[in-house]
Peer 1: 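This structure is in structure tokens; I'll ask about it shortly.
Please read all numbers here as calculations on a predicted model, not as lab measurements.
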Amino acid sequence: MKILEVNAGALTNFEVLDFLQAKGASKDPTRVITKVAHSEYKVYDYLVDTAASDQTRESIDEFLTSIKRHDLAKTEVLNILNTRPAGEVEIFPIIENCEGRFPDEEVTEIVDLVTKTLPPPPNMKQEEINKGDEETATLKNEKDEISEDPMDTR
């Protein structure tokens, strides 16, 4: 193997998982036939239970094409791809100064884009996805109540 470009950029979890699978990593209990290091198996075992295991190159390409119209940094896009947030609550820690940079509608668009283009993690049940939607709605209601005139004593 020849290194063409040193430190060409950060890899998505999907790319790392794909590399490990190409190298021979699997859920095979014996794990003695392949040339995969013990530490690489630990990474593989972790990534198999994340959103990366259900992603495809096509879904990632579709997401990357769609997300371009939002002004996100490369690291923010990478973190969104790797964590696959299911609600607005999970987007805010990923995007720096999210409230200042994006109106609520655009944050909702980003979350919708994630849920439409990227498959949910294998361990995320439909109930958890719905729960995330409920939490987002609750937070919106709380924010609306806080933004009302504090001098209004009714």
Peer 1: With sequence neighbours left out, what residues match Glu106 under side chain to side chain donor-acceptor pair (under 3.5 Å)?
Peer 2: His70

Peer 1: Minimum heavy-atom separation for Val107 to Glu88, with atom names?
Peer 2: CG1-CG, 3.8 Å

Peer 1: Can you name the side chain to side chain contact (heavy atoms under 4.5 Å, CB included) partners of Pro93, sequence neighbours left out?
Peer 2: none

Peer 1: Who passes side chain to side chain contact (heavy atoms under 4.5 Å, CB included) against Ala22, sequence neighbours left out?
Peer 2: none

Peer 1: For Val43, give me all partners under side chain to side chain contact (heavy atoms under 4.5 Å, CB included), at least two apart in sequence or on another chain.
Peer 2: Val16, Leu20, Leu47

Peer 1: Are the side chains of Thr83 and Glu90 in touch, meaning some heavy atoms are under 4.5 Å apart?
Peer 2: no

Peer 1: Taking all non-hydrogen atoms of both residues into account, name the closest pair between Pro119 and Ala51 and its distance.
Peer 2: O-CB, 4.5 Å

Peer 1: Please name the pair of heavy atoms, one in Glu96 and one in Arg101, separated by the smallest distance, quoted to 0.1 Å.
Peer 2: O-NH1, 3.0 Å

Peer 1: So, taking the atom named OG1 in Thr50 and the one named CG in Asp45, what distance separates them when rounded to the nearest 0.5 Å?
Peer 2: 11.5 Å

Peer 1: Hey, could you give me the CG/OG1 distance between Asp61 and Thr56, rounded to the nearest 0.5 Å?
Peer 2: 8.0 Å

Peer 1: Where is the tightest heavy-atom contact between Phe92 and Cys98, given as atom of each residue plus distance?
Peer 2: CD2-CB, 3.6 Å

Peer 1: Specify the closest pair of heavy atoms between Val77 and Phe63, including all atoms of both residues, with the distance to one decimal.
Peer 2: CG1-CE2, 3.9 Å

Peer 1: How long is the span from the OG1 atom in Thr108 to the CD1 atom in Ile91, to the nearest 0.5 Å?
Peer 2: 10.0 Å

Peer 1: From Ile60 CD1 over to Glu62 CD, what is the distance, rounded to the nearest 0.5 angstrom?
Peer 2: 11.5 Å

Peer 1: Taking side chain to side chain contact (heavy atoms under 4.5 Å, CB included) as the test, write out the residues that go with Leu78, two or more places apart.
Peer 2: Ala10, Thr12, Asn82

Peer 1: Quick one: list whatever passes salt bridge (charged side-chain N to carboxylate O under 4.0 Å, His left out) with Glu109, sequence neighbours left out.
Peer 2: Arg69

Peer 1: Return the set of residues passing side chain to side chain donor-acceptor pair (under 3.5 Å) with Asp18 (not counting sequence neighbours), or none when no residue passes.
Peer 2: Arg57

Peer 1: Measuring from atom OH of Tyr46 to atom OG of Ser53, what distance do you get when rounded to the nearest 0.5 angstrom?
Peer 2: 11.0 Å

Peer 1: Evaluate the side-chain contact (heavy atoms from CB on, under 4.5 Å) criterion for residues Glu99 and Asp104: first the C-alpha distance (whole Å), next the side-chain angles of each, then the deciding distance (0.1 Å), finally the verdict.
Peer 2: CA-CA 8 Å; Glu99 283 185 2; Asp104 291 340; 5.7 Å; no

Peer 1: If we check side chain to side chain contact (heavy atoms under 4.5 Å, CB included) with Leu113, which of these qualifies: Val111, Thr117, Ile110?
Peer 2: Thr117

Peer 1: Which residues pass the side chain to side chain donor-acceptor pair (under 3.5 Å) test with Ser66, sequence neighbours left out?
Peer 2: none

Peer 1: Any idea which heavy atoms bring Pro85 and Ile94 closest together, and the distance?
Peer 2: CG-CD1, 4.0 Å

Peer 1: Decide yes or no for Leu72 and Ile80: does some side-chain heavy atom of the first lie under 4.5 Å from some side-chain heavy atom of the second?
Peer 2: yes

